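So the structure is just underneath, and the comments pick up after that.
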There are 2 protein chains.
Amino acid sequence: MAVSTSSKPMRDQVKEYITKLQSEIISALEAIDTQDGSKFVNDRWERSEGGYGQSSILTGGTHIEKAGVNISVVHGKLPPPAIKQMRADHEGLPWTEATTSLPFFAGGLSLVIHPRRPEAPTVHANYRYFEITEEQTPEEKASGQPAKILAWWFGGGSDLTPSYLFEEDAKHFHSTLKAACDPFGDALYPAFKTWCDEYFYIPHRKESRGIGGIFFDDLSLHAHKRLPSGTRPTNLEEIWAFVRSCGDSFIPSYIPILQRRIHPVEGLEKPLEDKSESEERKRRWQLLRRGRYVEFNLVYDRGTKFGLMTPGARVESILMSLPETARWEYCSDLGEEEGTREKEIMDVLKNPREWV
Amino acid sequence: MAVSTSSKPMRDQVKEYITKLQSEIISALEAIDTQDGSKFVNDRWERSEGGYGQSSILTGGTHIEKAGVNISVVHGKLPPPAIKQMRADHEGLPWTEATTSLPFFAGGLSLVIHPRRPEAPTVHANYRYFEITEEQTPEEKASGQPAKILAWWFGGGSDLTPSYLFEEDAKHFHSTLKAACDPFGDALYPAFKTWCDEYFYIPHRKESRGIGGIFFDDLSLHAHKRLPSGTRPTNLEEIWAFVRSCGDSFIPSYIPILQRRIHPVEGLEKPLEDKSESEERKRRWQLLRRGRYVEFNLVYDRGTKFGLMTPGARVESILMSLPETARWEYCSDLGEEEGTREKEIMDVLKNPREWV
């Protein structure tokens, strides 16, 4: 049995979808950042263990300081300890002492955009499909039949990290994601919004990385710890349509925000009068917030940590998410003073809000 | 029994020594960075669980971009799981199922200096003393007798992180450390130099953080896994003298290097002719190297990781080690091209050398 909603196996449908989505997102970003003809540079890489990736990177753009929109489609063998660990969240996986390595497939799109203006928020999105199959005999392989799928699931999400708070941006971002989720069940957006707030949290700073969005994992036909039964997509067709709905929402969720924030906002900074000084202050604050982004990604993000520990992993693709520049000050005064725009966003990062 | 080489308990001797060493190092740095009267700012903090710290921070100096020279003298209770874990390296520690929390004392000096010039290397040093004692009865406490010490050990080291290689600097730094170690046994410098190369290694980059120095831990009267018996200080007096010898070597190991590197070096960069372009390139490379410094500290450094996970830890003091600014480029060309000064240091970071 192949997991499929059409004549095509799901892994092929995923590959087609993320390839198309990557291309659409790149076009949307290039349409904004064309002042000096900034273009994404494509970097295709092969994985010696199986599969490939296509990293598209923009640096030094007029409005985009650093962005990566990447897809990867890899396959290989999952060793027994990894299978054992995955069983907790995936009932379908077999496990006996005799279980040997099993073939896996993983396909996904991952993006991070760090704009230049301090008013323009950083955004991150990631959508992925994972599949574990039975080992085929040489005869089965030769027959061209797809391997029997033992477990499959989807994961993903998208979240916004502003340096300065614009409530209309937060509302727009969350509303767009909610509208993408709602057709598939009212419980999805609230559950995945909460999960996002919990996941993108920096314990040692006691603050969130940003103002959230949605985050989900392990979405399959099996019971899900975060979703009451009856409140969620119940078949593969619906789950796959839900994931595409989220993926398709990326451009409308972010591009309008980027468009209205790529120019300086007058009077943004309350305590400073002098324009050049206020520009310096805004940039300094943005770089301090990027320092926190680095702290989260290197210390807590599971994808980054898992990636860096994986032998043969492509480090440049994993660390593509880091900003071009980040800053650390000892006991910085920025973000502490009541009545400032920096303190305003800190209050939100310390106490996540409902935006819809 | 108190651990002591004089009438004073060792914890008091350590406190006096690190306080004096902190003051001397600050004076030596201020003597270099006085052009605009840059001064270290003292920040004393109390730990609610017991003890205090004195952070001395310099930012925005003429020659020093960011520096922290900190001491901390803390005490509290060590929970049973921590004691159990420490037993592996410390024979003296008791352990039964009935072991309860035990009092500990930790005193140490920790410093990181990030100079402004790309030619001037970053340096790090840390010397610390750890003690675990028996719980005293109220009567014993009232009598003023010190608690019985169950285990004690010293740890420390110092290492250099240049962005550009100057062989004379590497030789000077290592020679000075070796001269501080040698009076206490020929085996110390080679063992601790190797340990340093192993410790300050970034596996995902397959490169060292810098050109090393010395690193040691768990130095006590018990057998040490890295030191053959008969090749090391065999009593407390000698161990304490060894640690002070290392601590005292910091100023002569680093200050002469800083002094000769605080001005631009002409012709440092082989492939670029234009001066302003070469300054920009050197700065860019320095910031990329600082990005690696951040990666090591946040992903691998035990002190940082342990510190961030500790409830009530002082995050600003732990992350004081991070540079003011760091940079990440996707697949940067710098450091790749044969014949460049950037590739020269990369070769050393990929293949650590003997410098003495």
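Since the structure is predicted, the reported quantities are computational estimates derived from the model, not experimental observations. First the proteins, then the strands, lettered A, B, ... as listed; each starts at 1.
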Honestly, the part of A:Thr59 sitting under 4.5 Å from a heavy atom of chain B is neither
Closest heavy-atom pair, B:Cys331 versus A:Glu316, reported as atoms and distance to 0.1 Å, is N-OE1, 2.9 Å
Can you confirm whether A:Ile57 sits close enough to B:Glu329 that some side-chain heavy atom of one is under 4.5 Å from a side-chain heavy atom of the other? no
Subject >> Pairwise side-chain contact, B:Val315 with A:Glu295, heavy-atom cut-off 4.5 Å (strictly under) >> reply: no
Cut-off 4.5 Å, heavy atoms of chain B, and the answer for A:Arg284 is neither
When the 4.5 angstrom heavy-atom criterion is applied to A:Arg205 and chain B, the contacting part is side chain
Looking only at heavy atoms, the pair that brings B:Lys66 and A:Trp328 closest together is NZ-O, 3.1 Å
Per-residue tally against chain A (heavy atom, under 4.5 Å) across B:Leu308, B:Asp43, B:Val294 peaks at B:Leu308
Taken in chain and number order and not counting sequence neighbours, the residues that satisfy side-chain contact (heavy atoms from CB on, under 4.5 Å) with A:Glu46 are A:Arg44, A:Tyr52
Honestly, the part of A:Leu287 sitting under 4.5 Å from a heavy atom of chain B is neither
When the 4.5 angstrom heavy-atom criterion is applied to A:Leu319 and chain B, the contacting part is side chain
Those residues at least two apart in sequence (or on a different chain) that pass side-chain hydrogen bond (donor to acceptor under 3.5 Å, both in side chains) with A:Glu336 are none
- Using a 4.5 Å cut-off on heavy atoms from C-beta on, say whether the side chain of A:Tyr330 contacts that of B:Val41. no
